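Note sheet for the following structure.
Chain identifiers are assigned alphabetically (A, B, ...) following the order of the sequence lines, protein sequences preceding nucleic acid strands; residue numbering begins at 1 within each chain. Since the model is a prediction, treat every value here as computed from it, not as a measurement.
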Protein chains: 2
Amino acid sequence: MGSRPDFSYVAKLMADSSRAAMLEALLGLDGLPANELARKANISLQTASGHLAKLVEGNLIRVEKYGRHRYFRLASSDVAQAIETLTVIAPSPSINSLKDFSRLEKVRIARTCYDHLAGKLGVLLTEAFIEKGYLEEGEVDFLVTDMGEKFFHDFDIDLDALRNKRRYFARKCLDWSERRYHLAGSLGNAVLVKLLDLRWIEKLPDRAVKVTKTGRVGLYESLGITDIQM
Amino acid sequence: MGSRPDFSYVAKLMADSSRAAMLEALLGLDGLPANELARKANISLQTASGHLAKLVEGNLIRVEKYGRHRYFRLASSDVAQAIETLTVIAPSPSINSLKDFSRLEKVRIARTCYDHLAGKLGVLLTEAFIEKGYLEEGEVDFLVTDMGEKFFHDFDIDLDALRNKRRYFARKCLDWSERRYHLAGSLGNAVLVKLLDLRWIEKLPDRAVKVTKTGRVGLYESLGITDIQM
DNA sequence: TTTATACTTCGATTATAACCGAAGTTTTCA
DNA sequence: TGAAAACTTCGGTTATAATCGAAGTATAAA
């Protein structure tokens, strides 16, 4: 024994459902304060505080202090990848009825992931941005090209304002249902807000999202996106 | 909630140190009987039996019955990958003796990861494939180039047969000791089998692997690999 | 300096599950 | 048919840790 790092220590940290709920919330890549994480996990602040201390101790998350505020985020993208890899072998949510099935399908097709778009639509959109030359893929982030600057400006999204927000701008986020990256960060959020605003998409229960008729036309004309079955 | 697979369920299965010891033993790819797994984990047969039932129930391992014998093995290479990925973020084992150190070094240099090569050798080999233009790195998988098709064919590896297997073909697998990717999937397995077959490498205890003299020459001449200290 | 906010620490309770002894089941072999 | 081998199930014990109320600490604003 002892010739390998002990993976069960990490597994133990992820095994508790409250801690798992917090980690899942932090997959959104934005730093979140303890009280919000407690709320997401449906536990008291005291309990959350204990859990967060363990996660920090185990190097799964780290904390940034700003005065009396403390923002928690994942310690590295390796942690996100570990969670993603466990998700691949985790049992799918049980499907006991046609209703369960169609709800899950809806979520696979398009959903919000924290505050941006994920699922097939999220990935298609992100890949269209890259295809059209508006985004380039970096190691951890997407980069907005000169063409992209113009495109998002024409789309009424103020990039400078987004860059000044104290959060990631154009983060890459791995999609569990598509196994590909989609756009997260403040730009991902701005795109989601804009599409909702334009009524190209509508929110459904369970963080699912549907594309409207107007949306289908708009997505095709502006980005050439066609194959969203809905 | 509940629209995402629950990774904490899998984490819980891996969190117990006895179960972790059994899973680690099963990373060796050989099917093992319950009594041997109990011995590896230092627990009674009754306790082991309970753990094994849970691992089967959770789809991490599966059991093959031959009369009164039952051999357990990992359910899929995804399970091996999940364990490896958790190992990346797990704390390093404490080294208390020269013996500990040299055993760890052997495993770092070259080992098998389920059914393919990992460690420094696994990464060097994979990077040589990329360097020579035989593989390209994709999002989740490696892609075999036209040059690669020819190379693997000359190496007596039948890519079409591998692609037709009901499993991943050229998976990227993150290496816990090198923190870089190596080649997994059916192609990764075929490469391992081929190298063993050519006697370029030999299996050591603890899933470590050593490069033979012939192997050193072969790896240099075919791929320009030099810097494996052994 | 006082008060409010945001979080941590302590202590007691409770739920979970790991553990093994003992007894039971299934299959093989003599 | 009986005995041995290989494993599973049951039951009771024990250890771990998740939980929250209450009290404590640190920072900021009034």
- Rounded to whole angstroms, how far apart are CG on A:Leu45 and C1' on C:dT9? 12 Å
- Query: Roughly, in whole Å, what's the span from CD1 in A:Ile43 to P in C:dC7?
  - Reply: 13 Å
- Message: Check the phosphate of D:dT8 against B:Arg70, side-chain N and O only, distance under 4.0 Å to OP1 or OP2. Yes or no?
- Response: yes
- Residues in side-chain contact (heavy atoms from CB on, under 4.5 Å) contact with A:Glu127, at least two apart in sequence or another chain: A:Val123, A:Arg180
Table of protein N/O atoms under 3.5 Å from nucleotides 21-30 of chain C N/O atoms:
from, atom 1, to, atom 2, distance (Å)
C:dG21, N7, B:Gln46, NE2, 2.5

- Which salt bridge (Lys or Arg N to Asp or Glu O under 4.0 Å) pairs, counting each pair once, include a residue from residues 192-202 of chain B, with sequence neighbours left out? B:Asp156-B:Lys194
- Task: For B:Glu36 and D:dA5, give me the distance from atom CD to atom C1', rounded to whole Å.
- Result: 16 Å
- Of all heavy-atom pairs between A:Ser8 and B:Asp16, which one has the smallest distance, and what is that distance? CB-O, 4.4 Å
- By side-chain contact (heavy atoms from CB on, under 4.5 Å), B:Arg39 pairs with (sequence neighbours left out) B:Glu36
- Query: Reckon A:Thr47 has a side-chain N or O less than 4.0 Å from the OP1 or OP2 of D:dC20?
  - Reply: yes
- Residues of residues 10-19 of chain B with a heavy atom under 4.0 Å from any atom of DNA chain D, listed by number, are none
- Query: What integer distance in Å separates B:Asn35:CG from D:dT8:C1'?
  - Reply: 14 Å
- Note on the structure: Sorted by chain and residue number, the ring-ring contact (aromatic ring centres under 6.0 Å, His included) partners of A:Tyr134 (sequence neighbours excluded) come out as A:Phe151
- Quickly work out the A:Lys65 NZ to D:dA26 P distance and round it to whole Å. 10 Å
- Query: In residues 50-63 of chain B, which ones come under 4.0 Å of DNA chain C, going by heavy atoms?
  - Reply: B:His51, B:Lys54
- Query: In this structure, are over 12 heavy atoms from other groups packed under 6.0 Å from B:Lys172 atom NZ?
  - Reply: yes
- For B:His51, which residues count as a ring-ring contact (aromatic ring centres under 6.0 Å, His included) partner, sequence neighbours excluded? none
- Query: Considering residues at least two apart in sequence or located in another chain, which fulfil the ring-ring contact (aromatic ring centres under 6.0 Å, His included) criterion with B:Phe169?
  - Reply: none
- Message: Quick check on A:Glu57: does its CD atom have over 12 non-hydrogen neighbours (other residues, nucleotides or ligands) under 6.0 Å away?
- Response: no
- Using the test side-chain contact (heavy atoms from CB on, under 4.5 Å), find all partners of B:Asn42 that sit at least two apart in sequence or belong to another chain. none
- Name all residues meeting the salt bridge (Lys or Arg N to Asp or Glu O under 4.0 Å) criterion together with A:Arg70; count only those two or more places apart in sequence or in a different chain, and write none if there are none. none
- Query: Got a second to check how far B:Lys120's NZ is from B:Ile109's CD1, nearest 0.5 Å?
  - Reply: 7.5 Å
- Item | Nucleotide nearest B:His69 when distance is taken to its side chain, options D:dA6, C:dC7, D:dT9 | D:dA6
- Message: Ring-plane angle category for A:Phe155 and A:Trp200, please: parallel below 30°, perpendicular beyond 60°, tilted otherwise.
- Response: perpendicular
- Short side-chain to backbone donor-acceptor contact, A:Thr85 and A:Gln81, under 3.5 Å: yes
- Message: Measure CG/B:Asn42 against C1'/C:dC20 and give the value in whole Å, please.
- Response: 15 Å
- Over its full length, what angle do the end axes of the helix from C:dT1-D:dA30 to C:dA30-D:dT1 make, each axis taken from five pairs and the result rounded to 10 degrees? 20°
